[in-house]
Amino acid sequence: MKMLMLFAALCGVAMAVPFDSAAYMGESAPMGLVDELTTLGFTKLVEFIEIAGLKETLNTGGPFTVFAPTNEAFAMLGTHYPKNMTLLVNVLKSHVIAGKVMSTMIKDNMMSPTLMEGVPMRINVVTWWQTTTIGANGAEITLFDKMAKNGVIHGIEKVIRPIPLGNMMEAMEMIPGLSFTLELIKMAGLDSTLAGEGPFTIFAPQNIAWMKVPEKNITALKANKTLLAEILSYHVAPGAFYSTVIRPGTLITTVQGQKVLFNPKMCKKEGILYKFMNEAEVTLADQSVNNGVMWLMDDVFAKPMVF
Ligand SMILES: *[C@@H]1O[C@H](CO)[C@@H](O)[C@H](O)[C@H]1NC(C)=O
Ligand SMILES: *[C@@H]1O[C@H](CO)[C@@H](O)[C@H](O)[C@H]1NC(C)=O
Ligand SMILES: *[C@@H]1O[C@H](CO)[C@@H](O)[C@H](O)[C@H]1NC(C)=O
């Protein structure tokens with residue numbers, strides 16, 4: 001339309017601009033999700049969707065909400081990704097939920113079933129000072145509400161790992177370096193809570209972290225269940241927190257009642273960002289389980305800090 005009118009103006013032709021119905025339709029009727037993804041530049045995702053044989057479903061079925069990792073997000077996984085077709089199909093399906101979920105409909109800790117059978121998507125909304133961030137399984141959403149004919153697209157910064165089936169206790173039982181932590185959790189009677197509905201985030205000190213604590217303190221903890229439960233519940237927060245969605249300086253209220261500080265430190269020499277909670281170093285963050293998120297810690301949070 002615009003081009004036609006411009007052409008007419010340039011040529012000084014006084015002509016009646018014919019109604020360009022095709023162009024008009026193109027503007028008002030959006031494309032299918034996959035075509036829209038291509039237009040938005042999610043070309044790596046589209047390539048994988050085609051390899052996995054999901055193009056037809058995603059372009060014409062639905063309605064769906066697609067959480068679309070950027071090309072950079074796929075590049076971070078290296079060139080080997082993905083070798084296994086079953087895995088590829090499942091990973092792609094875990095990025096899609098049924099229905100058209102606009103950003104305004106998103107609530108914290110929303111669990112939506114994905115196209116991957118039995119595997120939900122967890123959406124978190126975190127507000128700290130003036131900033132609200134939204135994450136899908138810990139991948140921050142940076143592009144919102146791009147409409148397609150059969151759904152909506154939100155752009156995310158990393159490729160999502162599907163949430164495994166087990167709960168926090170089951171997952172921790174499978175991690176070798178947590179045996180002593182689990183012993184203490186059971187001693188304090190917190191195991192049923194951590195296997196419950198949640199969601200919780202646990203900042204789980206590994207066995208090596210307890211080894212840094214003086215022997216007499218461990219003895220004191222074991223002798224006093226109230227004290228033990230207090231220390232352990234200072235390592236658990238209600239809600240699902242991913243390091244990739246919360247901002248540095250965020251204070252998280254724990255089950256114990258006092259707060260822990262997300263305190264990443266940039267090592268200038270190496271140019272690496274080390275993650276800390278309070279002064280305890282994080283070994284591994286953002287492990288999804290079906291009732292929350294696990295972080296593994298290199299240190300025990302010494303004492304509840306007062307903020
Ligand atoms: C491919 O992935 C599926 C699901 O994760 C797994 O069950 C299967 O063993 C894998 N196949 C190969 C050849 O690695
Ligand atoms: C050990 O216990 C003492 C007091 O009983 C306390 O002052 C100290 O902070 C504790 N150390 C750790 C690492 O928790
Ligand atoms: C056990 O710990 C709690 C909480 O710190 C404390 O209030 C209580 O006095 C302790 N009990 C004994 C017997 O030391």
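Atoms within each ligand, like the ligands themselves, are counted from 1 in listed order.
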Problem - Geometric N/O contact N224 with ligand 3, under 3.5 angstrom - result: yes
Exercise for the section: Verify, without hydrogens or angle tests, whether N59 (side chain) and D35 (backbone) share a donor-acceptor contact under 3.5 angstrom. Expected result: yes
Practice task
Might you check, step by step, whether the distance between atom 9 (O) of ligand 1 and some protein heavy atom is under 4.0 Å?
Solution key: no
Exercise for the section: Using only heavy-atom distances, determine whether the side chains of T283 and Q206 contain a donor-acceptor pair under 3.5 Å. Expected result: yes
Exercise for the section: Look only at interatomic distance and state if T86 has a nitrogen or oxygen under 3.5 Å from any nitrogen or oxygen of ligand 1. Expected result: no
Exercise for the section: Determine whether the side chains of S179 and N207 contain a donor N or O and an acceptor N or O closer than 3.5 Å. Expected result: yes
Handout entry: Proximal candidate to atom 5 (O) of ligand 3 [heavy atom criterion; set L227, T226, L221]
Key = L227
Practice task
May I ask you to list the atoms of ligand 3 that are less than 4.0 angstrom from any heavy atom of E230?
Solution key: 4 (C), 5 (O)
Exercise for the section: Determine, step by step, whether D298 and K212 satisfy the salt bridge (charged side-chain N to carboxylate O under 4.0 Å, His left out) criterion, reporting the C-alpha distance in whole Å, the side-chain angles of both residues, the deciding distance to 0.1 Å, and the verdict. Expected result: CA-CA 9 Å; D298 217 28; K212 296 179 191 172; 3.8 Å; yes
Problem - Any protein heavy atom < 4.0 Å from atom 2 (O) of ligand 3 - result: yes
Exercise for the section: Say whether S103 and D145, considering side chains only, have a donor N or O and an acceptor N or O under 3.5 Å apart. Expected result: yes
Problem - Closest protein heavy atom (residue, atom, distance) for atom 13 (C) of ligand 1 - result: N84 ND2, 4.3 Å
Problem - F262/F241 aromatic ring centres below 6.0 Å - result: no
